[in-house]
Amino acid sequence: MNNAFYASDYIIVGLDFDGVLAQGLNTKIKYAKKWIDLDLKLGQTKKEGFNKLVKSLGRTDLAYSDLTKDLMKQYTLEYEVPLDCKEVLGKLFLENFRFCVITSRTNEEYPYAEAFIKENYGNLIENIHNESPHPNPENRWEIKKREKSYFVHYLKPRIYIDDDIEKLKALRNYPVELFYCRQPENFDKDLGILEKIRIQEFNDWSKFYDMVIQIKDLHEAICWKFGIVNKFSNLTKIYREFHKLSCYQKENLLLEYNQERQVA
């Protein structure tokens, strides 16, 4: 069964770093108090909420960058791994999922994100890519700006996770399943009605596991049903067939496919 044309060798999952693999909420609260004597609440650890707080206090000497400029460097190593995240990625790895990180850090901040991943995720994550908002001296292709869409296009993940709705919306024209990782401090950042058509949401990594296993099974079922080889060059075709199906049709197709797997 594993060698059948409809079973993929592996499935790539793209992940953002800040807010997905690394949770900086408590680190921000800690150093806001220590460095600038501010007691931050959940929403105030984000730029918009922080700026509103500073304005309400009449402080003209503070900017969000005063908090984050050092946190995004060496203090990144104090960030926390989200609950169940590493365990779920480990389970998915055994199911032939592979992971690539696509982050949006400056060239000065990136090495600390890379160090965090190596320290906390070990061999689970080996491919780490950085969006380049500035010219990168190590970029042999001389691409001055590489946005997340650049990596999604060339790496071809079937699934991409971010905690920023706007960054997910920028990827909606690509054949990739988009997931909004809802963090506690994003309590006021809701998906709109139309956005929910294209973007799925989760705040529990165990539930995420079930969601992506279903995607994996549906991709296999679609390839089995329509005679498509389950490989990267056919992702657009698989994606289109996937989104043609109603929820009812997906359930029936999975039932039919699972019956076939039991016979095999």
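This chain uses plain numbering: 1 for the first residue, then up along the sequence. Basis for what follows: all heavy atoms, side chains included, without hydrogens, waters or symmetry-related copies.
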| Taking NZ, NE, NH1 and NH2 as the nitrogens, is one of them in Arg182 or Asp190 under 4.0 Å from a carboxylate oxygen of the other? | yes

| task | Step by step, work out the side chain to side chain contact (heavy atoms under 4.5 Å, CB included) result for Leu38 and Leu67. | result | CA-CA 10 Å; Leu38 286 181; Leu67 173 62; over 6 Å; no

| task | Give, for atom CH2 of Trp224 and atom CG of Leu253, the distance between the pair rounded to the nearest 0.5 Å. | result | 7.0 Å

| remark: Looking only at heavy atoms, the pair that brings Cys223 and Phe5 closest together is O-CE1, 3.3 Å

| request: Please report the shortest heavy-atom distance between Asn123 and Phe93, naming the atom on each side. | output: O-CE1, 4.5 Å

| query | Side chain of Tyr64, backbone of Thr45: donor and acceptor closer than 3.5 Å? | reply | yes

| So, do Gln23 and Pro184 sit near enough that their side-chain heavy atoms are less than 4.5 Å apart? | yes

| said: Quick check: do Phe97 and Ile213 have side-chain heavy atoms less than 4.5 Å from each other? | reply: yes

| Interatomic distance, Ile29 atom CD1 to Leu42 atom CG [nearest 0.5 angstrom] | 6.5 Å

| Shortest non-hydrogen contact from Val152 to Pro157? | O-CD, 3.5 Å

| Reported CG-to-CZ distance for the pair Asn173 and Arg198, which is rounded to 0.5 angstrom | 8.0 Å

| said: Check this for me, if you would: do Arg261 and Asp217 make a salt bridge, where the nitrogen-to-carboxylate-oxygen distance has to be below 4.0 angstrom? | reply: yes

| said: Tell me which one of Lys148, Lys167, Lys169 satisfies side chain to side chain donor-acceptor pair (under 3.5 Å) with Asp162. | reply: Lys148

| query | Looking at Lys46 and Asp188, does any basic side-chain N land under 4.0 Å from a carboxylate oxygen? | reply | no

| field | Ser8 and Asn96: CA distance, side-chain angles, deciding distance, side chain to side chain contact (heavy atoms under 4.5 Å, CB included) verdict | value | CA-CA 9 Å; Ser8 176; Asn96 294 325; over 6 Å; no

| Quick one: do Lys30 and Glu78 make a salt bridge, cutoff under 4.0 Å? | yes

| query | Would Leu254 and Gln214 count as a side chain to side chain contact (heavy atoms under 4.5 Å, CB included) if you check the C-alpha gap in whole Å, the side-chain angles of each, and the deciding distance to 0.1 Å? | reply | CA-CA 9 Å; Leu254 276 178; Gln214 185 181 65; 3.9 Å; yes

| Is Ile125 linked to Leu94 within one hydrophobic cluster, defined over Ile, Leu, Val, Met, Phe, Trp and Tyr using a side-chain heavy-atom separation of less than 4.5 Å? | no

| said: Side chains of Asp84 and Phe208, heavy atoms from C-beta outward: is any pair under 4.5 Å? | reply: no

| message | Using side-chain heavy atoms (C-beta onward) and a distance below 4.5 Å, is Tyr31 in contact with Lys34? | response | yes

| task | Flag the pair Glu95 and Lys91 as a salt bridge only when some basic side-chain nitrogen lies within less than 4.0 angstrom of an acidic carboxylate oxygen. | result | no

| message | Within this structure, what is the CD-CZ distance for the pair Glu109 and Phe17, rounded to the nearest 0.5 Å? | response | 10.5 Å

| query | Residues two or more places apart in sequence or in another chain: which of them pass side-chain hydrogen bond (donor to acceptor under 3.5 Å, both in side chains) with Lys156? | reply | none

| query | Does Arg105 offer a backbone N or O that forms a donor-acceptor pair with the side chain of Asn130 under 3.5 Å? | reply | yes

| message | Before you tell me yes or no, could you show the steps for Tyr112 and Phe116 under ring pair (Phe, Tyr, Trp, His ring centres under 6.0 Å), namely the whole-Å CA-CA distance, both residues' side-chain angles and the distance that decides it to 0.1 Å? | response | CA-CA 6 Å; Tyr112 299 97; Phe116 180 96; over 10 Å; no

| field | Inter-residue atom distance Ile238.CD1 - Lys231.NZ, 0.5 Å rounding | value | 10.0 Å

| field | Greater than 12 external heavy atoms within 6.0 Å of Leu57's CG | value | yes

| request: List the atom of Cys181, the atom of Trp205, and the distance in Å for their closest heavy-atom pair. | output: SG-CZ2, 4.4 Å

| said: Between Leu92 and Leu124, is there shared hydrophobic-cluster membership here, with clusters defined by ILVMFWY side-chain heavy atoms closer than 4.5 Å? | reply: yes

| message | According to a hydrophobic-cluster definition based on side-chain heavy atoms being under 4.5 Å apart (Ile, Leu, Val, Met, Phe, Trp, Tyr only), do Leu83 and Tyr121 belong together? | response | no

| Would you say the side-chain atoms of Asp66 pair up with the backbone N or O of Ala63, donor to acceptor, closer than 3.5 Å? | yes

| said: Strictly distance-based, threshold 3.5 Å: is any side-chain N or O of Thr103 a donor or acceptor partner for the main-chain N or O of Glu131? | reply: no

| said: Would you say the rings of Tyr174 and Tyr160 are close, in the sense that their centroids are separated by under 6.0 Å? | reply: no

| said: Can you confirm whether more than 12 heavy atoms, excluding those of Lys237, are under 6.0 Å from its NZ atom? | reply: no

| field | Minimum heavy-atom distance between Asp163 and Gly19, given as atom pair plus value | value | OD2-CA, 3.5 Å

| request: Could you give me the CA-CA distance, side-chain angles and deciding distance for Met211 and Ile215, then say whether side chain to side chain contact (heavy atoms under 4.5 Å, CB included) is met? | output: CA-CA 7 Å; Met211 295 164 80; Ile215 290 173; 5.7 Å; no

| Under-4.0 Å salt bridge between Glu256 and Lys225 | yes

| task | Give me the one residue out of Val212, Ile199, Ile159 that meets side chain to side chain contact (heavy atoms under 4.5 Å, CB included) with Glu177. | result | Ile159

| request: Give a yes/no verdict on a cation-pi contact between Lys250 and Phe242, requiring under 6.0 Å between NZ or CZ and the six-membered ring centre and an angle within 45° of the axis. | output: yes

| Non-hydrogen atoms of Leu191 and Lys196 that approach each other most closely | O-CE, 3.5 Å

| field | Approximate separation, where rounding is to 0.5 Å, of Arg98 CZ and Leu89 CG | value | 12.0 Å

| Cluster link Leu25 to Ile36, ILVMFWY, side chain under 4.5 Å | yes

| said: Just to verify, what does Phe232 make a ring pair (Phe, Tyr, Trp, His ring centres under 6.0 Å) with, not counting sequence neighbours? | reply: Tyr10

| request: Go through the side-chain N and O atoms of Lys189 and Tyr180 and say whether any donor and acceptor fall under 3.5 Å apart. | output: no

| message | Would you say Phe202 ends up clustered with Phe187 if hydrophobic residues are merged whenever their side chains have heavy atoms under 4.5 Å apart, either directly or through other cluster members? | response | yes

